[in-house]
Trainee: 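Below is a structure I'd like to ask you about.
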Number of protein chains: 2
Amino acid sequence: MSIKYDKSYLRGYVGENDLKKIFPKIKKAHDDLENKTGLGNDYVGWTDLPSRIEDKFLDSLVNLGKEVRSHSDFLISIGIGGSYLGIRATIKFLRNSELIPVDYAGHNMSVDGLYELLENVKNKRITICVISKSGTTTEPAIAFRIIKKVMEEKYSKEELRQRIICVTDEKKGALRKIADECGFKSFVIPDDVGGRFSVLTPVGLVPLAIAGVDIKALVNGARDGQKEYSSIDLDKNIAYQYAGVRYLLYKKKKLIEVLASFYDNVFYVAEWWKQLYGESEAKEGKGIFPSSLIMSTDLHSMGQLMQDGVRNVFETFIAIEKPEHSLIIPSEKDDLDKFNIVAGRDLDYVNKQAYKATAAAHYEGGVPNSTISLDKADSYHLGKLYYFFERAVAVSGYLLGVNPFNQPGVEAYKKKMFALLGKKD
Amino acid sequence: MSIKYDKSYLRGYVGENDLKKIFPKIKKAHDDLENKTGLGNDYVGWTDLPSRIEDKFLDSLVNLGKEVRSHSDFLISIGIGGSYLGIRATIKFLRNSELIPVDYAGHNMSVDGLYELLENVKNKRITICVISKSGTTTEPAIAFRIIKKVMEEKYSKEELRQRIICVTDEKKGALRKIADECGFKSFVIPDDVGGRFSVLTPVGLVPLAIAGVDIKALVNGARDGQKEYSSIDLDKNIAYQYAGVRYLLYKKKKLIEVLASFYDNVFYVAEWWKQLYGESEAKEGKGIFPSSLIMSTDLHSMGQLMQDGVRNVFETFIAIEKPEHSLIIPSEKDDLDKFNIVAGRDLDYVNKQAYKATAAAHYEGGVPNSTISLDKADSYHLGKLYYFFERAVAVSGYLLGVNPFNQPGVEAYKKKMFALLGKKD
């Protein structure tokens, strides 16, 4: 039940001594986080969130999930950014065939995509979960209008109250008013946790519980993460090590970080991570450009660049020690492809050799890399990993000297769009 | 029936005069390509490929598709890199509900992913298309072993000959031998077209025809692309303009290109593009790092970075003028979210305002950007777009002084992996 961090292929780029040298900076970041004395300290509610979640609240969500699944066979989760990525990341990562199907709306305005989704659920019994702090974010607000209209044609008012669940502000905002006026079940997004840190608040927990995810294990993982990654003992706290490594590589002009995995279920976790890191660090002309690769797929697209391109890249692998299933490679009489050498082996054995080979080859090609290993791809380890990344980015942002909890740049396109639409707000 | 290129938001970064100044370099690249006098000239068969494809060959593939779909309701396409990305990009882009379902294997070794695929097709009548020039690339070779075994348990030898289709070298290699020995139907990958340029060879055309894609329209688009984008008239040839723009931005230290779209069906086209550009340009310590964003989704993750991060990024949008479907935004009596201002409008109208706002905001934030617009998201325009990007990257590679048609770095991880596996080849 653990997460490990392997720094072997940072040799020559970042050593233990380098990390020790910046320990005072890390300590300062840690203290600012713990004492709420750093930039953006109104938004550090996530630091002790896992330990503050009450078990009886989790029980109530588990029961809600059972109830919804008794009358629904499809969930549409409406939200964008932090109200979207963590949910999709969790469901894709767990790859649990017992969950009810979930699709996502309100994170873009691709009309053909939403049309396809609506066609797909035409004959299904659906529940929707609308997630928005304000209720006025363009993409989810408009998707909600369109989907609600479709549901109003299909269900009675009473049924709608069973099938529309809102996650929003406690008191104010458009979605809060809609929920209260229509009598939709609703849950509260806390004020002191920003969107990209909110996967363990009702933002993530409500739709995940409805889908059937083991949210108790997810939160338990995060609780253990909170214990381990809030420690100021740098030798033991791998989240702080990762934060320090990133800072030191950035100082060496490694301006792009590639989060890479040989396990394809990591894809949306990497998308979640991109928001967490891109939005937390990249401001005031600073910050690392986060990108992601799923191997071997992307070795056969971006592999050339990783090996031989501009040397401004470093790489962080996410490894899974024990996959869920096993597939044995068959022997072939003629052995034309010469792979009888691995016949009888599990496919994952070859995958792991590919990972080892890639990490070594990229290092030798001038790409320093490190690896975060999870024992298993389950809810517990994912909850722990979420906390790991959250804790690390907060420290990393403070090391860079930016406020890791705001996102002033995101407003720019919204303002222009409202002007084009003639919207006053 | 056209593709347009809008350079308005390159103002102050790349002007028409800058392009004119490098015209001699572009002319040299063009001549080297046409006369086969440049680096890697053994691999420029793609330049006049669309005009060389015979209509009767396309007819035979259309008939093959009909035949396969009469006995199969699921296609598994086995391949990696260029034998994977173009197929998936085409099918996702077209979003055609009349195609038979397709899934992909052999592009990674995620055991849980392949297990899930096999579970999913357990009760389906499947055909597989195995695509590999050599037949000894690890990922597809091993996936083929595993899937063939499953099929051997399910189908007779005669049925297997209907259900296994190979696309491989004309004469040599393991897959050619397997196909000939077992009597599998097979198609030829030409020697003078590299993997990442091969979507219009049987590599792409065979599985796409089986799925039911209109491959004639795809090839017709590419034929028109060949005419337009092989012209040396820089004022008219937008592919050469795009190549020149990229080169000039790279010279101004814009080291990352983000391919962005407000249309979510562009996602895998961007993945195809990443291979084409990353693998063609990034060598000898040179080249642009290709990344992609799907908006609005990623505006709420990477938007902050695009607006305020390190200013080493430029952006290329792919726009779709006319989506297939329409969804009208409903009016709401209370207008709590204040979006009645767009009630009665099509969702795509708001999407287009979001695009305009983003392009303007990013430009003002220091990210030069340009836009490639397609009239429609159909086979014709996609075929044309494929040729556009192929032609542009060849010129762009020559401008950089690299061989755009090799990929020496991709071998590095393979060599190490074979050593770890104890494989002699």
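Just so we're on the same page: letters track the sequence lines, and every chain starts at 1. In this text, all values refer to a predicted model and were calculated from it rather than measured experimentally.
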Trainee: So for Gln275(B), is it side chain, backbone, both, or neither that comes closer than 4.5 Å to the heavy atoms of chain A?
Mentor: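 Contact with chain A involves both backbone and side-chain atoms of Gln275(B).
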Trainee: Calculate, to the nearest 0.5 Å, the distance between atoms NZ and NZ belonging to Lys416(A) and Lys356(B) respectively.
Mentor: 13.5 Å
Trainee: Atom OG of Ser280(A) and atom CG of Leu305(B): how far apart are they, to the nearest 0.5 Å?
Mentor: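 It is 11.0 Å, given to the nearest 0.5 Å.
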Trainee: Mind checking what makes salt bridge (charged side-chain N to carboxylate O under 4.0 Å, His left out) contact with Lys415(B), not counting sequence neighbours?
Mentor: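 For Lys415(B) there are no salt bridge (charged side-chain N to carboxylate O under 4.0 Å, His left out) partners, ignoring immediate neighbours.
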Trainee: Among Pro330(B), Ala412(B), Pro408(B), Gly287(B), which residue forms the greatest number of heavy-atom pairs with chain A at distances under 4.5 Å?
Mentor: Pro330(B)
Trainee: Do you know which of Ile341(B), Asn406(B), Leu347(B) has the most heavy-atom pairs under 4.5 Å to chain A?
Mentor: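 Top option by heavy-atom pairs under 4.5 Å: Leu347(B).
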Trainee: Given heavy-atom pairs under 4.5 angstrom as the criterion, report whether the side chain, backbone, both or neither of Glu284(B) touches chain A.
Mentor: backbone
Trainee: Give a yes or no on this: more than 12 heavy atoms of other residues, nucleotides or ligands lie within 6.0 Å of atom NZ of Lys352(A).
Mentor: yes
Trainee: Do you know the tightest heavy-atom contact between Gln304(B) and Gly409(A)?
Mentor: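 In terms of heavy atoms, the two residues are closest at OE1-N, 2.7 Å.
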Trainee: Among Leu85(B), Leu276(B), Val410(B), exactly one meets side-chain contact (heavy atoms from CB on, under 4.5 Å) together with Ser301(A). Which residue is that?
Mentor: Leu85(B)
Trainee: Taking C-beta and beyond as the side chain, do Glu332(A) and Arg145(B) meet within less than 4.5 Å on heavy atoms?
Mentor: yes
Trainee: Picking from Ala357(A), Gly195(A), Ala360(A), which has the most non-hydrogen pairs under 4.5 angstrom with chain B?
Mentor: Ala357(A)
Trainee: Measuring heavy-atom distances to chain B, does Glu181(A) have an atom under 4.5 Å in its side chain, in its backbone, in both, or in neither?
Mentor: side chain
Trainee: Ser331(B) versus chain A, heavy atoms under 4.5 Å apart: side chain, backbone, both or neither?
Mentor: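 For Ser331(B), the contact with chain A is made by the backbone alone.
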Trainee: Under 4.5 Å from any heavy atom of chain A, what part of Ile142(B) do you find: side chain, backbone, both or neither?
Mentor: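 The answer is the side chain of Ile142(B).
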Trainee: Please flag which part of Arg311(A) lies under 4.5 Å from any non-hydrogen atom of chain B: side chain, backbone, both or neither.
Mentor: neither
Trainee: Is Val150(B) in contact with chain A via its backbone, its side chain, both, or neither, using a 4.5 Å heavy-atom distance?
Mentor: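 The answer is neither part of Val150(B).
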Trainee: State the CE-CZ distance between Met306(B) and Phe289(A), to the nearest 0.5 angstrom.
Mentor: 6.5 Å
Trainee: Side chain, backbone, both or neither: which part of Arg196(B) has a heavy atom under 4.5 Å from chain A?
Mentor: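 Looking at Arg196(B), nothing touches chain A.
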Trainee: Pick one of side chain, backbone, both or neither for Ser326(A), based on which atoms fall under 4.5 Å of a heavy atom in chain B.
Mentor: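 Contact with chain B: backbone only.
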Trainee: Is chain B contacted by the side chain of Val258(A), its backbone, both, or neither, given a heavy-atom distance below 4.5 Å?
Mentor: side chain
Trainee: Output the option from Ser132(A), Ser83(A), Gly81(A), Gly309(A) having the highest count of non-hydrogen pairs under 4.5 Å with chain B.
Mentor: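 Highest number of pairs under 4.5 Å: Gly309(A).
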Trainee: Which one wins on heavy-atom pair count under 4.5 Å against chain B: Arg95(A), Met417(A), Gln353(A), Glu324(A)?
Mentor: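 Going by pairs under 4.5 Å, I would pick Arg95(A).
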Trainee: For the residue pair Leu255(B) and Asn312(A), what are the closest heavy atoms and their distance?
Mentor: CD1-ND2, 3.9 Å
Trainee: Out of Gly106(A), Gly135(A), Gly113(A), return the one with the most heavy atom pairs under 4.5 angstrom to chain B.
Mentor: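 Ranked by contacts with chain B, first place is Gly113(A).
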Trainee: Contact part of Gln307(A) toward chain B, heavy-atom cut-off under 4.5 Å: side chain, backbone, both or neither?
Mentor: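 Answer is side chain: those atoms of Gln307(A) sit under 4.5 Å from chain B.
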Trainee: What are the two closest heavy atoms between Ser110(B) and Phe262(A), and how far apart are they?
Mentor: OG-O, 3.2 Å
Trainee: Compare all side-chain heavy atoms of Leu118(B) with those of Leu327(A) and state whether any distance is below 4.5 angstrom.
Mentor: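 Answer yes - side chains close enough.
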Trainee: Can you confirm whether Lys286(B) is buried at NZ, in the sense that more than 12 heavy atoms of other residues, nucleotides or ligands lie under 6.0 Å from that atom?
Mentor: yes
Trainee: Heavy atoms only, distances under 4.5 angstrom: which of Asp348(B), Ile256(B), Ile328(B) has the most pairs with chain A? Name it, please.
Mentor: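 Top count of heavy-atom pairs under 4.5 Å with chain A: Ile256(B).
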Trainee: Quick check on the interface: out of Val402(B), Val342(B), Asn340(B), who has the most heavy-atom pairs with chain A under 4.5 Å?
Mentor: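 Among Val402(B), Val342(B), Asn340(B), the one with the most close pairs to chain A is Asn340(B).
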Trainee: Give the member of Leu175(B), Ile329(B), Ile288(B), Val313(B) that has the highest number of heavy-atom pairs under 4.5 Å with chain A.
Mentor: Ile329(B)
Trainee: Against chain B, label Glu411(A) side chain, backbone, both or neither, depending on which of its atoms sit under 4.5 Å from a heavy atom there.
Mentor: neither
Trainee: Counting C-beta onward and ignoring hydrogens, is there a side-chain heavy-atom pair between Tyr250(A) and Val310(B) closer than 4.5 Å?
Mentor: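 In contact.
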Trainee: Step by step, would you call Asn265(B) with Asp112(A) a side chain to side chain contact (heavy atoms under 4.5 Å, CB included)?
Mentor: CA-CA 9 Å; Asn265(B) 56 332; Asp112(A) 292 337; 5.6 Å; no
Trainee: In terms of heavy-atom pairs under 4.5 Å, which option from Gly285(A), Gly422(A), Gly303(A), Ala361(A) contacts chain B the most?
Mentor: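 It is Gly285(A).
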Trainee: Knowing that exactly one of Asp264(B), Thr297(B), Asp298(B) qualifies, which makes a side chain to side chain donor-acceptor pair (under 3.5 Å) with His107(A)?
Mentor: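 Exactly one candidate clears the test, Thr297(B).
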Trainee: Working to the nearest 0.5 angstrom, can you tell me the gap between Met302(A) CE and Ser291(B) OG?
Mentor: 7.0 Å
Trainee: Chain A heavy atoms under 4.5 Å from Leu114(B): which part of the residue, side chain, backbone, both or neither?
Mentor: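 Both parts, backbone and side chain.
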Trainee: When you compare the side chain of Tyr413(A) with that of His362(B), does any pair of heavy atoms fall below 4.5 Å?
Mentor: no
Trainee: Check whether Glu119(B) gets within reach of chain A through its side chain, its backbone, both or neither, counting any heavy atom under 4.5 Å.
Mentor: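 Answer is neither: Glu119(B) stays 4.5 Å or more from chain A.
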Trainee: I need the minimum non-hydrogen distance between Tyr349(A) and Leu420(B), along with the two atoms involved.
Mentor: OH-O, 4.1 Å
Trainee: Starting at CG of Leu293(A), measure out to NZ of Lys274(B) and round the result to the nearest 0.5 Å.
Mentor: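 It comes to 7.5 Å.
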Trainee: So which residue, Ser97(A), Ala141(A), Ala343(A), ends up with the most heavy-atom pairs under 4.5 Å with chain B?
Mentor: Ala141(A)
Trainee: Do Val350(B) and Thr138(A) make a side-chain contact, defined as non-hydrogen atoms from C-beta onward lying under 4.5 Å apart?
Mentor: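 The answer is yes; the side chains approach within 4.5 Å.
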Trainee: Report yes if some heavy atom in the side chain of Asp308(B) is under 4.5 Å from a heavy atom in the side chain of Gln407(A); otherwise report no.
Mentor: no
Trainee: So Tyr115(B) and His325(A), would you call those rings parallel, tilted or perpendicular, with 30° and 60° as cut-offs?
Mentor: parallel
Trainee: With sequence neighbours left out, what residues match Tyr268(A) under ring pair (Phe, Tyr, Trp, His ring centres under 6.0 Å)?
Mentor: none
Trainee: Does the side chain of His300(A) come within less than 4.5 Å of Thr137(B)'s, by heavy atoms?
Mentor: yes
Trainee: Would you give the length of the straight line joining atom CD1 of Ile294(A) to atom CG of Asn108(B), rounded to the nearest 0.5 angstrom?
Mentor: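 With rounding to 0.5 Å, CD1 (Ile294(A)) is 8.5 Å from CG (Asn108(B)).
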Trainee: Indicate yes or no: at least one non-hydrogen side-chain atom of Val111(B) is less than 4.5 angstrom from one of Asp346(A).
Mentor: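 Yes; the side chains approach each other to less than 4.5 Å.
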Trainee: Can you tell which part of Ile320(A) gets under 4.5 Å to a heavy atom of chain B, answering side chain, backbone, both or neither?
Mentor: neither
Trainee: Given heavy-atom pairs under 4.5 angstrom as the criterion, report whether the side chain, backbone, both or neither of Asn120(A) touches chain B.
Mentor: neither
Trainee: Counting only heavy atoms not in Lys92(B), do more than 12 fall under 6.0 Å of its NZ?
Mentor: no
